[in-house]
Amino acid sequence: MSPASSALKHPPVTAPSEPAGALSDIPADFPELAVAIDRQRRRGRGAQSNASGRFEAEARVAFDDGWQSLEDLPPFKTTVGVDTSRKVITRNDSPDIGFDRSINPYRGCEHGCVYCFARPTHAYLGLSPGLDFESKLFAKPEAPVLLEKELAASGYEPRMIAIGTNTDPYQPIERERKIMRGILEVLERTGHPVGIVTKSALVVRDIDILQRMAKRNLAKVAISVTSLDPKLARTMEPRASTPPKRLEALKQLSDAGIPTTVMVAPVIPALNDSEIERILDAAAHAGVKEASYVLLRLPLEVRDLFREWLMANYPDRYRHVFTLIRDMRGGRDYDSKWGERMKGTGPMAWTIGRRFEIACDRLGLNKRRSKLTTDHFAKPKPNGEQLSLF
């Protein structure tokens, strides 16, 4: 261990997974592309590396001392810790999103989507936004109990709660832990509206609850379909449901009368932007009535992780992809300006937006927007409060 510097956090060693000559096209001030973990150790993962979080004063670096000791390192296994937060509802005042509160049953996400804008949050835990984010997870088993307590608070005013805005509530560990289902049971019991975003077909497990809530205008579900290309989807989102499974989930939800939205997100220029129309067409045939899209976002460590992934898997597109990204971000890799961070600016961003709108018009999408209601909300009784006899 030694004090962390940019040189230490990103040591200039050639990654064995990079194609010969690929690094010659990379700026000299970007050594992050040369720190990929061995393929076998990160098999089935999205990130290529596991650099220390930005808040760490020290960094650990894997270094081969000549005894081939790196070959003895075990592969990254998924571990799940317990998040002991005392509150489960997170508030925000962002002016360019349609909700002011959200719930995340898990921290970290095993889906491993390389572009995930939530990756930098793992740095607050002293962990890496890279491979740690998708292998060192934290569950909130007390979330349903905490939620009921917060809804019972005297000053609570109901508005739609968004779930899945940071990490996926239906990632693989939900199958056994069922924290998300417990949250839905509380929301149904209290008549509280909820909007869900996921990439997992596991959401259909909870159709029984969602269908009952939808009949009272209390629930809607959005599923992100990034690509219909199975190879690209598996490489970019290694442990998320396959594109056909997501489309089938949209169909089952729609058939059950649950308002559904397809999210073409993120749109990555020169990688999946050519699929916008096909994704919308497939979703419309599945019964979807609403659609949205989000341009690729590369905040903080996500930029470097995406660059590493792009160079390892699509080195021939690296320059073109980042040229287009900068054209849509005012010459930068990312611009977090309110109102522009989701859609970008410039001719390329305008073209993507127009293509999306034209396709939606042709398919009859977004003709009406589903609206949730708070009319059914009934504040739960705090523990210990005597029930009324009348």
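Treat the numbers as computed from the prediction; the structure is a model and nothing was measured. We number each residue from 1, following the sequence as shown.
Annotation: cation-pi pair Arg54/Tyr124 present, NZ/CZ under 6.0 Å from the ring centroid and within 45° of its normal. The cationic atom of Arg307 (NZ for Lys, CZ for Arg) lies less than 6.0 Å from the six-membered ring centre of Phe322 and within 45° of the ring axis.
Put simply, CG on Asp93 and CG on Asp100 are 9.0 Å apart, with the number rounded to the nearest 0.5 Å. Interatomic distance, Cys360 SG to Leu280 CG, rounded to the nearest 0.5 Å: 5.0 Å. To the nearest 0.5 Å, atoms CD (Glu134) and OG1 (Thr167) are separated by 13.0 Å. Here Leu296 contributes atom CG and Arg329 contributes atom CZ; the two are 7.0 Å apart, rounded to the nearest 0.5 Å. We find the CG-CE distance between Leu372 and Met213 to be 8.5 Å, quoted to the nearest 0.5 Å. Note: Tyr156 OH to Lys379 NZ = 8.0 Å, rounded to the nearest 0.5 Å.
Ring-plane geometry between Tyr293 and Phe356 is classed as tilted, the angle between the planes lying from 30 to 60 degrees on a 0 to 90 degree scale. Taking the six-membered ring where tryptophan is involved, the planes of His122 and Phe133 are perpendicular, since the angle between them exceeds 60° and thus also 30°.
In summary, Glu290 and Lys220 do not engage in a salt bridge, as defined by a charged side-chain N under 4.0 Å from a carboxylate O. Contact check on Glu248 versus Lys245 returns no salt bridge, with no Lys/Arg side-chain nitrogen under 4.0 Å from an Asp/Glu carboxylate oxygen. With respect to the salt-bridge test (charged N to carboxylate O, under 4.0 angstrom), the residues Arg42 and Asp38 do not qualify. With respect to the salt-bridge test (charged N to carboxylate O, under 4.0 angstrom), the residues Glu237 and Arg246 qualify. For Glu277 and Arg355, the salt-bridge test passes: some basic side-chain N is under 4.0 Å from an acidic carboxylate O. Checked for salt-bridge contact, Asp333 and Arg303 meet the test: a charged N lies under 4.0 Å from a carboxylate O. The pair Asp206-Arg212 does not count as a salt bridge, with every side-chain nitrogen at least 4.0 angstrom from each carboxylate oxygen. Between Asp375 and Arg216, no side-chain nitrogen of the basic residue sits less than 4.0 Å from a carboxylate oxygen of the acidic one, so the salt-bridge criterion is not met. Using a cut-off of 4.0 Å between Lys/Arg side-chain N and Asp/Glu carboxylate O, Glu174 and Arg205 are scored as salt-bridged. Lys87 and Glu150 are not joined by a salt bridge, as no carboxylate oxygen comes within less than 4.0 angstrom of a charged side-chain nitrogen.
Within the 4.5 Å cutoff, the side chain of Thr260 has no heavy atoms near those of the Ile223 side chain.
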Next on the checklist: side-chain contact (heavy atoms from CB on, under 4.5 Å) for Ser49 and Leu305? Distances and angles first, verdict last.
Outcome noted: CA-CA 7 Å; Ser49 65; Leu305 291 166; 3.8 Å; yes
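For the residue pair Val288 and Ser254, the shortest heavy atom distance occurs at N-OG, 3.9 Å.
With ring centers used as reference points, Trp309 lies under 6.0 Å from Tyr314.
Looking at Asn272, its side chain does come within 3.5 Å of a backbone N or O of Thr226 through a donor-acceptor pair.
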